[in-house]
Amino acid sequence: MGVLDPFKGFGVTFRTLLTKPVTIGYPEHRTPVYPRFRGRHRLWRFENGLEKCVGCSLCAAACPADCIRVVAEENTPGNRVSAGERYARIYEINMARCIFCGYCEVACPFDAITLEHSYELSEYTREALIYTKDVLLEPAPKQPPLHPNVPGDPSLVGDV
Amino acid sequence: MTPQETVVAMVIQGLIVVGVVFSAFAGLTVAERKLLGRFQARRGPNRAGPFGLLQPLADIGKLTFKEDFIPAGANRWLFRLAPMIPVIAAVAALSLIPFGGVHEWFGTTVTLYGTDLSVGVLVFLALSSLGAYGLILGGWASGNKYSLLGAARNAAQLVSYEVAMGLSIVGVVMISQSLSLVDIANDQAGGIWYILVQPIAFVVFMIAAIAETNRIPFDLGEAESELIAGYNLEYGSVKFAMFMTAEYLSLIIISAFGATLFLGGPDGPWLPGFIWLGLKISVLLFIFIWVRATLPRFRYDRLMKFGWKVLIPISTLNILVTAIVLGLGFAN
Amino acid sequence: MSDVAAQIEAASPGAVVLEWEDLGELTVEVRGDRIVEACRALRDGPSQYLLLSDITCADFPDEPGRFRMAYHLVNIATGARARLRAWAGASDPAVESVTSIWPGANWMEREVYDQFGVHFHGHPDLCRILNPLDWEGHPLRRDYPIGGEEVQFTDAV
Amino acid sequence: MTMGTAGPRSGNFPIAAESREAREAAARDGRALTPTERIIAGVEARTPEEAIERTLTNEMLADARPGVRQPMLINLGPNHPSTHGVLRLIVELDGEVVREVTPVIGYLHTGIEKQCENKTWWQGITLVTRMDYLAPFANIKAYTMSVERLLQMEVPARAQWIRVLLAEMNRLASHLVWLGTSGLELGAMSVFFYCYRERDEMLDLFEMVSGERMNHRYFQVGGCSDDLPPGFIERVRAFTEEMPARIDDYEALLTGNPIWKDRMVGIGVLPAEQLLALGVTGPTLRAAGVPYDLRKVAPYSGYQHFEFDVPTATEGDCYARYLVRVREMRESLRIIRQVLDGMPEGPVIADDRKVVLPPREELAYSMEALIHHFKLVSEGFTVPAGEAYVAIESPRGEMGCYAVSDGGPRPYRIHMRDPSFVNLQATAPLCKGGYLADLIAIVATLDPVMGGVDR
């Protein structure tokens with residue numbers, strides 16, 4: 001403790017005045033998130049365009065906020081959507097309730113759902129925050145998937 | 001000049017001064033927020049205009065278009081009147097500040113001050129206390145318990161620090177043997193600034209000035225973490241803007257007053273006087289902002305004790321010493 | 001018999017119903033009307049349980065005593081802990097308040113009253129604390145439904 | 001002109017409604033109003049009828065005879081800049097002197113304990129982190145440790161060390177928020193921004209390791225959900241190297257500042273015995289001279305391996321609490337450094353297939369692992385019947401978790417003993433007789449977090 005103690009604070013503030021501000025001007029400048037960051041959900045496809053999700057509802061069971069609804073249906077030869085026996089006909093996440101714990105991601109044995117890095121999820125209505133399957137699902141590849149066993153045979157496309 | 005011409009000249013001069021000071025006020029609000037930001041490792045306002053320079057316009061726009069309401073429990077007449085008092089007092093005090101001497105510009109004689117009253121210092125002190133009545137009345141008229149507490153604190157603070165401020169100036173007045181601000185400024189011109197002969201008085205003056213303008217560490221009347229916003233809690237829209245205007249105007253004016261009394265007013269080489277005065281005011285304002293960025297807030301009773309038991313004895317002692325020195329004839 | 005139970009017995013014979021040690025935690029079950037004496041004995045006795053760390057309750061609707069109070073005491077010098085248990089009774093559940101021993105029990109008992117409806121005789125200020133004053137029912141009872149809002153999804157089925 | 005001449009006003013006044021509620025609640029139970037209810041009922045009369053009722057219900061005002069000085073009742077909160085969230089303090093003021101303080105809580109009550117009974121043990125982790133939102137790692141740590149005790153489960157050494165590391169970083173982050181907000185409440189604005197600058201770096205590190213900045217679920221029953229990410233240790237080390245200078249800066253701003261001392265020294269003093277009787281723990285108790293720190297008194301997760309001191313003071317005033325917390329920040333840095341230097345290798349989660357999810361890569365080839373995974377996720381693991389109370393030292397004091405299991409996959413009862421809840425009881429005795437401004441300083445140095453108080 002010295003005589004100058006009462007005035008040391010003035011030095012600290014003055015020194016800070018000469019340093020660069022630490023603020024990040026948000027919309028123009030963004031800090032990258034870390035690899036483990038959990039943001040918006042995404043449903044994935046295999047390279048051949050089939051959905052990874054087989055509608056097992058394990059994510060819905062794991063969700064502590066009960067914000068996932070899965071309604072599964074059997075794949076048929078005429079409508080093959082996923083790689084397994086069944087696929088998720090309805091897959092919805094109520095983002096207004098989601099707590100981003102990532103338990104769905106942990107629960108999914110097939111890596112079909114993951115939490116990605118996008119975090120700007122505000123909407124003007126509650127309804128817009130209910131993400132349906134077409135919002136969540138990765139877009140289908142431009143090229144229609146070819147039959148896995150008969151590469152390059154266009155006649156078999158769509159009849160897998 | 002004919003009397004008519006004199007009146008016209010005075011009106012023009014007044015408009016110029018008010019214009020300059022109000023732009024300075026606008027600039028000060030941005031400058032304070034920018035500086036505070038930098039003191040705190042952040043940027044401060046940077047969205048309105050380049051570097052946030054148009055922030056005052058945005059503020060004015062926002063405040064003007066807000067709903068102007070009067071709370072149900074308020075005394076409606078006083079509630080409306082209160083915010084005007086400090087603005088009027090501040091603008092009136094402006095006329096006493098000598099921004100420069102007498103100049104011969106464009107073939108006419110221009111005096112760079114509103115009036116030269118022989119008791120300018122006293123009138124200034126009177127006006128600056130008058131401003132506080134607005135705060136007190138506004139706090140009481142709001143009909144809010146927090147505002148009432150804020151008003152009570154303001155009243156007590158005003159009484160204590162007005163005395164300290166008055167006493168701190170007495171030394172200067174004794175040396176220059178005049179109560180006219182113009183005389184005091186002229187006395188220092190080309191000679192010794194009174195800060196050098198009255199350093200203690202200057203420190204006391206600065207502390208009392210912070211208290212008079214209700215800024216941290218003396219912002220007990222508003223103390224947002226205790227009384228939320230104290231006297232202006234119920235005020236919104238233009239009425240709130242008036243309180244803010246008065247606060248910043250009085251900050252500028254009290255800096256101008258201090259610069260005149262202790263820093264030689266418009267005195268300085270090469271540059272015109274009003275620029276020198278502007279620089280001196282800026283330095284004092286910077287100190288005010290720096291203090292705000294650094295110090296925590298006093299407690300109400302300690303503030304009173306500090307005013308009565310530290311500042312007033314010190315300034316009284318200062319007067320005594322000055323009197324002895326003057327009596328022994330060192331001044332001349 | 002452990003030291004803790006012995007001290008309670010010495011201060012208030014017949015107070016201890018059961019005692020055991022499980023998972024490294026000592027539990028002594030005392031009669032509901034003796035809880036104040038038991039606590040006082042443990043605080044003032046040689047075991048020096050000066051700090052009442054927690055009071056809480058658990059609801060066992062099938063048990064005759066139904067509301068099982070748990071008092072966690074700790075010796076701040078050694079870190080030794082003891083748990084006192086007492087049953088409050090199924091109809092008109094009530095135990096004695098320990099606020100006379102530890103004023104800090106005030107809010108903890110208010111919380112138990114609020115959430116379980118257990119009354120504390122001799123409590124100076126027994127009213128709701130976490131729920132609004134006019135709340136009906138006691139949320140942490142097992143028969144109190146969890147309620148809540150249905151999660152909103154699109155209408156697609 | 002008197003205030004309140006505007007006559008009866010329309011509209012819903014929640015406070016008037018509260019007054020009615022209090023009387024109804026008491027009438028239902030057939031009892032008189034309790035002191036707290038009486039104060040809540042009488043705090044503010046908004047209509048003439050209300051004023052009459054208030055006089056009837058409020059003994060204190062009924063007793064007000066002409067010439068007797070009446071106190072002014074003011075309602076500090078639930079929305080007030082310096083009540084740390086939604087704490088409401090009904091203060092009886094005599095001038096600026098506080099005569100009586102009645103804290104009213106529950107505005108943030110979310111029924112976490114009830115919700116836990118309806119979730120699996122695994123899902124409970126995500127709920128309890130949200131209680132004391134400034135010390136999420138302490139919350140989960142108490143919870144997972146009590147479940148681990150019920151399961152009689154060993155946690156691998158590396159997981160223990162990671163837990164210590166993050167718990168201490170959390171203590172540092174929590175104290176930074178405390179210091180910043182306390183400074184702001186007493187008017188020292190800059191220190192708030194400096195503290196948040198550093199705290200944000202901590203949150204970055206938390207994001208790096210757990211994926212979330214505040215409500216982590218990183219600690220799992222049996223260990224941690226993932227290993228530390230690459231580069232984490234180096235970042236933390238760099239942080240610990242620059243942090244002491246930053247703490248010096250805060251101290252330069254505050255410790256020696258005469259105004260700061262004026263606001264703090266000798267304010268809010270209670271003797272240690274009284275604090276103990278009130279159940280107060282943590283820095284508040286240590287500032288009164290009782291070295292009760294669970295990390296030393298009853299070491300858990302390997303705290304006995306680290307060298308650190310428990311800062312104490314004897315004055316028991318606000319300044320002592322301030323000094324103790326600042327010194328605790330330095331001690332936490334010391335522990336963090338030791339953890340970084342000696343971090344053992346090995347698994348980060350116990351290998352117990354009945355409780356812990358199987359490693360992810362095994363799902364691809366092992367049918368057994370897949371079945372375990374399905375069972376654990378859909379039903380949850382079961383915990384043997386019993387009860388356990390585990391207490392740890394959170395930044396605010398003793399954070400305890402009382403878990404009762406009936407042998408099923410869901411907790412039968414979870415009770416969290418939150419230090420803020422118990423410590424807050426000391427507000428009234430600490431504030432009585434002081435000034436209104438002291439009340440702000442006292443609440444600031446008690447450091448309650450309303451998420452933890454109301455749960």
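Residue numbers start from 1 in every chain, and the chains themselves are labelled A, B, ... in the order their sequence lines are given, proteins ahead of strands.
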Against chain A, label [X] side chain, backbone, both or neither, depending on which of its atoms sit under 4.5 Å from a heavy atom there.
| X | value |
| --- | --- |
| D:R130 | side chain |
| D:T129 | neither |
| D:W260 | neither |
| D:S190 | side chain |

Side chain proximity check, [X] to [Y], heavy atoms < 4.5 angstrom:
| X | Y | value |
| --- | --- | --- |
| D:R360 | A:D111 | yes |
| D:D204 | A:Y34 | yes |
| A:Y103 | D:I125 | yes |
| A:P109 | D:L370 | yes |
| A:I99 | D:N215 | no |
| A:V106 | D:Q220 | no |

- request: Name the region of A:C56, side chain, backbone, both or neither, that has any atom closer than 4.5 Å to a heavy atom of chain D.
  value: side chain
message: Go through it in stages, so that I can follow the logic: the residues are A:V22 and D:E198, the test is side chain to side chain contact (heavy atoms under 4.5 Å, CB included), and I'd like the CA-CA distance, side-chain angles, deciding distance and then a yes or no.
response: CA-CA 10 Å; A:V22 292; D:E198 270 74 79; over 6 Å; no
- prompt: In Å and rounded to the nearest 0.5 Å, what is the CZ to CZ distance from A:R38 to D:R213?
  reply: 13.5 Å
- prompt: What distance do A:F37 atom CZ and D:E212 atom CD have between them, rounded to the nearest 0.5 Å?
  reply: 8.0 Å
- prompt: Which pair of heavy atoms, one from A:R36 and one from D:L228, lies closest together, and at what distance?
  reply: NH2-C, 3.9 Å
message: Which residue is it: D:D248, D:L253, D:L254? I am looking for the one with a side chain to side chain contact (heavy atoms under 4.5 Å, CB included) to A:V12.
response: D:L253
message: Quick one about A:T16 and D:Y194 (side-chain donor to acceptor, distance below 3.5 Å, no hydrogens or angles considered), yes or no?
response: yes
